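All values below were derived from every heavy atom in this structure, side-chain atoms included, with hydrogens, water molecules and symmetry-related copies excluded. Source: prediction; values computed, not measured. For reference, positions follow the sequence shown, starting with 1.
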Amino acid sequence: METSTITKINGTTIEQVIKNGEIYIPIKPICTALGIDFSAQLKKIKEDEDLFSTVVTLTTVGADKRQREMVSIPLKYVFGWLFSIKPGNVAQEAKPFVKQYRKECYDVLWRHFSGESKRRMEENAREIQSLDRINRLNEDIESNRQELRREKKILASIRAERLNPQPVLDI
């Protein structure tokens, strides 16, 4: 297992623990940073069968710099768990951030389920294809320019020979 700091929120260090190639985030430090009750959040997580099925207990460094067993969830589930936290339940200084986070989540969900994200991805793919074609055509143009310069030199050489009054002997 590998542990490293990923961010600091309201003076609380948030760590990640990598185990078997998956990133896990201990939830207690996030609760501390947001000023919410860890026990209440753990209860809420336990009641969510989908989220609870992802919970693991991992050894990580606690705020006191000692090794601690911490309830952790995979990083890909942290965002959904955070979305479930109501702004009224967090510390006053964290409310604007939680409100903004939830608004962004609503926007992302709308874009995904309305098909907007899919349309953007399709447009991006078409744009990339067009750029690839333009690059290939530009490469062809440059290659043709080089070939044109070579042929012009050959033509100039042929004309120069024809106009040269001195005979050339091939021996």
Side-chain angles (χ1 to χ4, degrees), residues 1-139 142:
M1 271 190 315
E2 177 186 331
T3 303
S4 62
T5 300
I6 57 170
T7 191
K8 196 168 196 147
I9 302 172
N10 293 337
T12 302
T13 300
I14 308 298
E15 302 280 334
Q16 70 177 2
V17 180
I18 301 173
K19 180 180 178 185
N20 299 329
E22 183 153 19
I23 299 172
Y24 291 89
I25 308 298
I27 62 169
K28 188 170 186 174
I30 295 174
C31 293
T32 301
L34 294 176
I36 55 178
D37 182 52
F38 167 72
S39 299
Q41 288 302 310
L42 184 57
K43 181 178 185 255
K44 184 169 79 170
I45 289 170
K46 285 180 178 179
E47 291 170 355
D48 182 327
E49 64 185 53
D50 296 319
L51 189 55
F52 188 63
S53 68
T54 71
V55 171
V56 296
T57 302
L58 298 172
T59 303
T60 187
V61 179
D64 58 1
K65 306 294 183 213
R66 292 180 27 205
Q67 295 285 319
R68 299 265 189 229
E69 292 288 312
M70 293 214 161
V71 175
S72 304
I73 58 177
L75 177 60
K76 67 183 179 180
Y77 289 93
V78 170
F79 306 102
W81 166 60
L82 289 173
F83 183 62
S84 74
I85 296 172
K86 294 182 176 44
N89 295 341
V90 302
Q92 194 62 34
E93 62 272 8
K95 278 184 185 182
F97 301 106
V98 172
K99 284 182 177 182
Q100 180 62 31
Y101 176 81
R102 288 174 54 90
K103 183 185 177 316
E104 288 178 25
C105 287
Y106 281 119
D107 291 344
V108 167
L109 289 168
W110 163 251
R111 284 193 303 272
H112 175 77
F113 288 108
S114 70
E116 185 178 326
S117 292
K118 183 180 178 188
R119 281 191 303 278
R120 283 187 183 173
M121 288 175 20
E122 289 168 352
E123 289 168 355
N124 289 346
R126 286 195 313 271
E127 183 178 4
I128 289 167
Q129 287 174 344
S130 181
L131 287 169
D132 285 343
R133 283 192 301 271
I134 289 169
N135 285 337
R136 282 193 306 275
L137 289 169
N138 279 330
E139 289 169 0
E142 184 55 35

Electrostatic pair Asp132:Arg136 at N-O distance under 4.0 angstrom: no

Minimal non-hydrogen separation, Gln16 against Ile25, with atom names: CB-CD1, 3.8 Å

Pairwise distance NZ(Lys118) to CD(Glu123) - rounded to 0.5 angstrom: 12.5 Å

Test salt bridge (Lys or Arg N to Asp or Glu O under 4.0 Å) applied to Glu116 - qualifying residues, sequence neighbours left out: Arg120

CA sep, side-chain torsions, deciding dist, call: Val17, Val56, side chain to side chain contact (heavy atoms under 4.5 Å, CB included): CA-CA 11 Å; Val17 180; Val56 296; over 6 Å; no

Residues Arg126, Glu122; criterion side chain to side chain contact (heavy atoms under 4.5 Å, CB included); working and verdict: CA-CA 6 Å; Arg126 286 195 313 271; Glu122 289 168 352; 4.1 Å; yes

Lys44 atom NZ, over 12 foreign heavy atoms within 6.0 Å: yes

Value rounded to 0.5 Å, distance of CE in Met70 from OG1 in Thr57: 11.0 Å

Candidate pair Asp107 and Lys103, rule salt bridge (charged side-chain N to carboxylate O under 4.0 Å, His left out), full reasoning: CA-CA 6 Å; Asp107 291 344; Lys103 183 185 177 316; 3.2 Å; yes

Closest heavy-atom pair and its distance - Gln41, Trp81: OE1-NE1, 2.9 Å

Verdict with supporting geometry, Lys46 and Val55, side chain to side chain contact (heavy atoms under 4.5 Å, CB included): CA-CA 9 Å; Lys46 285 180 178 179; Val55 171; over 6 Å; no

Gap separating the CD1 atom of Ile23 from the CD1 atom of Ile73, nearest 0.5 angstrom: 13.0 Å

Glu142, CD atom: more than 12 neighbouring heavy atoms under 6.0 Å: yes

Least distance between heavy atoms, Pro26 atom then Ser72 atom: CA-OG, 3.4 Å

Glu104: side chain to side chain donor-acceptor pair (under 3.5 Å) partners, not counting sequence neighbours: Gln100

Spatial distance of atom CD1 (Ile27) from atom CD1 (Ile45) [nearest 0.5 Å]: 3.5 Å

Interatomic spacing from SG in Cys31 to CG in Asn89 - rounded to 0.5 Å: 11.0 Å

Atom of Thr12, atom of Pro29 and distance for their closest heavy-atom approach: CG2-O, 3.3 Å

Exercise: identify the closest heavy-atom pair between Ser114 and Arg119: O-NH1, 3.6 Å

Phe79: partners by side-chain contact (heavy atoms from CB on, under 4.5 Å), with sequence neighbours left out: Leu75, Tyr101

Greater than 12 external heavy atoms within 6.0 Å of Phe83's CZ: yes

Rounded distance (nearest 0.5 Å) linking atom CG of Leu34 with atom CD of Glu93: 9.5 Å

Shortest non-hydrogen contact between Leu51 and Asp48, atoms and distance: N-OD1, 3.0 Å

Note, Ile30 side chain near Ile14 side chain (heavy atom, < 4.5 Å): yes

